[in-house]
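Treat the numbers as computed from the prediction; the structure is a model and nothing was measured. For ligands, and for the atoms within them, numbers begin at 1 and follow the listed sequence.
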Amino acid sequence: MTQWWRDAVIYQIYPRSFADGDGDGMGDLVGSTARMGYLADLGVDALWLSPCFASPQVDHGYDISDYRDVDPLFGSLADMDDLITTAHDYGIRVTLDFVPNHTSDQHPWFQAAVAAGRGSPERDRYLFRDGRGVDGDEPPNNWLSVFGGPSWTRVDEPDGSPGQWYYHLFAAQQPDLNWRNPEVVAEFADILRFWLDRGADGFRIDVSDALIKDDTFPDTDSGDPVIPKDESSPVHDIYREFRQVLDSYEGDRMAVIETGAEDDIVALFLRPDEMHIAFNFRFVHAGFDGSDLREAIDSSLAANAAVGAPTTWVTDNHDTPRSVTRLGQDSVLAGAYIPGTMTASGNGATDEDLGTRRARALALVLLALPGATYIYNGQELGLPNVDDLPDSALQDPIWERSGHTLRGRDGCRVPMPWTRGINLGFTGSRAEPWLPIPGEWAELSVAAQQGRDDSMLALYREALALRKASAALGRGELRWVSAQDVADDLLAFDLEGADETVRVLLNLSEDPIDLPDGGMLLSSEPVIDGQLPGIAAAWVARPGPEGIQARLSTLGQLIADIVDRRR
Ligand code: GLC
């Protein structure tokens, strides 16, 4: 078993924003496949494709009406087969988004549930309850939706009378499934098999820790739902079942879970008979704060080591304001995972140059830490968040559901700039991109960055190439060399691989620092007079334990030879 996922670099494609192949202004699978050479050159090991299954697109594909088909917006099943085959030809693995918490309200199961009425087996696949109050016209409890507003919506019964309510953690068009119903478990195990049969190497499991709700549905002070995740929660049995499905296939198939839980809870989901890896959102929250970063690194490594699981490192995704913007704000925004909180606007002025410099430095930490690393499309270009999209362009359901108080996540989903040409090469000339692309992104386009050694793209490419060739970067044993109390100014750790050690330095202060002896592998800013400038990071190769061993034995041999000669 290679367990490739332990230290893979996995690139997230947000299909509608990555590349448009058919020129309708919306990214698609053909467009993504056509860019496989770019991804191979970048040096990624695997892809994660955000959902491209049949969907009314209320939550951009996270509301699925047919889990076994591709949405025509993105192409066809044949296009998906082609994408998987092409990626595999390049040696790139493909993981798909798996959305088990809720279906679309257009899914045949939900339609059948509404039509079948109270107490039916069809309703038992979802979370239907009678309302409270006179005539049941108040929601069954006070839980709130992550996207704003109540998390219950009332249906009409088949005879037209006002009826039961159904639960939705997200939008009303995303009814939650009843994961205590074995039919639901069986159906989703079968969906996994469907995609595994077609060559998927694994899955990213959406809202993975929320499948089981407290089915007494108690009111809470905050309106937050009660979602048991501890050891005794039946949610773990679901993942044990999924694991068996994955393990029944050749080729080391894997699953990464999306969860915002505390590290020790996350680790429960990563026990050897459950899932493989989990996004480390604590690292996202840490921003550019040395102590927070160190704590996030230590805590997650320790919690996961206890169950034998590696850690993943992530700074950006389709739900979080882009790091160049977050890191360029005075109070570095700690905001990720819970959608409604995820907008960078309103957090004070942004210094994008500072944000970019910090993002370059943080990239060298991200890409060095032991474990799997995720890169969100456009992160390698240093794209900022677009916080001034016109109101009329906003499409995230958060915007409507919050009564136009939260702008939502569109700012981190603006399409990729590929060239300096029309529509920056994202789409053909006859269509508007689904979100407007800022004109000044011409200089951030792939074509513009390709020719520049000091570009973010060049940094990512070089870092990934070094990582691929190294036994230490991304996979060595982490040993801190900076004291905890200097973390605000300096993070320094060694990564010890079999025959080399790489020292990673993150200078968080404004002042330059001396570099240790060793070979400079890469730095996020030019080294001046042997010093690493402020707000910069470097990778320095050091002689590893085996290197030292080898030199000691050579020394030993020399001494033995001298002694021999004297005899
Ligand atoms: C996850 C997705 C997010 C989506 C939500 C509901 O958090 O990453 O984009 O809106 O789940 O499916």
Side-chain angles (χ1 to χ4, degrees), residues 10 12-18 27 48-65 67 71 95-107 110 126-127 143-149 151 167-177 179 188 191 203-211 213 224-225 227 229 255-261 266 269 278-281 284-285 312 314-322 335-343 374 376-377 379 385 394-402 406-414 434-435:
I10 305 173
Q12 178 186 1
I13 290 185
Y14 195 64
R16 54 170 60 218
S17 301
F18 185 59
W48 152 32
L49 255 69
S50 283
C52 31
F53 312 110
S55 159
Q57 302 293 325
V58 168
D59 189 17
H60 293 176
Y62 284 98
D63 50 316
I64 298 174
S65 51
Y67 286 80
D71 196 286
T95 65
L96 301 176
D97 221 309
F98 182 67
V99 186
N101 180 66
H102 44 264
T103 68
S104 158
D105 62 348
Q106 302 304 308
H107 189 285
F110 189 74
Y126 292 88
L127 299 171
W143 293 0
L144 297 172
S145 151
V146 171
F147 286 167
S151 58
Y167 177 76
H168 48 90
L169 181 58
F170 295 92
Q173 297 88 343
Q174 295 168 292
D176 281 41
L177 287 158
W179 277 91
F188 277 79
I191 293 166
F203 301 91
R204 173 263 189 191
I205 304 187
D206 187 62
V207 207
S208 58
D209 58 5
L211 305 189
K213 283 85 186 170
D224 289 340
I227 299 178
K229 305 170 187 180
V256 57
I257 57 165
E258 186 208 25
T259 159
V266 174
F269 289 84
F279 292 113
N280 182 349
F281 289 116
V284 185
H285 287 255
T312 66
V314 53
T315 57
D316 290 64
N317 65 26
H318 65 294
D319 289 330
T320 310
R322 285 193 179 268
Y337 180 63
I338 297 295
T341 64
M342 297 184 296
T343 177
Y374 277 84
Y376 173 49
N377 59 201
Q379 177 182 336
N385 217 58
L394 296 180
Q395 308 208 15
D396 188 341
I398 289 177
W399 173 240
E400 287 303 327
R401 283 193 62 90
S402 69
L406 294 169
R407 294 175 64 76
R409 301 158 290 178
D410 291 323
C412 66
R413 297 172 175 179
V414 171
W434 73 278
L435 284 173

Phe170 neighbourhood, listing ligand 1 atoms whose heavy-atom distance to it stays under 4.0 Å: 5 (C), 6 (C)
Atom indices of ligand 1 within 4.0 angstrom of His318 heavy atoms, with elements: 2 (C), 3 (C), 8 (O), 9 (O)
Phe279, portion touching ligand 1 at heavy-atom distance under 4.0 Å: neither
Thr320 and Tyr376 side chains, donor-acceptor separation under 3.5 Å: no
Centroid-centroid distance, Phe188 to Tyr67, less than 6.0 Å: yes
side-chain contact (heavy atoms from CB on, under 4.5 Å) assessment of Phe279 paired with Ile257: CA-CA 6 Å; Phe279 292 113; Ile257 57 165; over 6 Å; no
Donor-acceptor contact below 3.5 Å, side chain Asp176 vs main chain Leu169: yes
Aromatic centroids of Phe170 and Tyr62 separated by under 6.0 Å: no
Those atoms of ligand 1 less than 4.0 Å from some heavy atom in Phe147: 10 (O)
4.0 Å heavy-atom contact, Arg204 with ligand 1: yes
Ligand 1-proximal atoms of Arg413, by part, heavy-atom distance under 4.0 Å: side chain
Salt-bridge contact Asp59-Arg401 (side-chain N to carboxylate O under 4.0 Å): no
Residue selection (non-hydrogen contact nearest atom 4 (C) of ligand 1) among Thr259, Asp396, Val99, Asp59: Asp59
Val207 neighbourhood, listing ligand 1 atoms whose heavy-atom distance to it stays under 4.0 Å: 1 (C), 11 (O)
Proximity to ligand 1 by part of Arg409, non-hydrogen separation under 4.0 Å: side chain
Check ion pair Asp319-Arg413 (N to O, under 4.0 angstrom): yes
Stepwise side-chain contact (heavy atoms from CB on, under 4.5 Å) test for Arg409 and Ile398: CA-CA 8 Å; Arg409 301 158 290 178; Ile398 289 177; 3.6 Å; yes
Option with minimal heavy-atom separation from atom 8 (O) of ligand 1, where the choices are Ile64, Asn317, Asp319: Asp319
Numbered atoms of ligand 1 (with element) below 4.0 Å of His102, judged on heavy atoms: 6 (C), 12 (O)
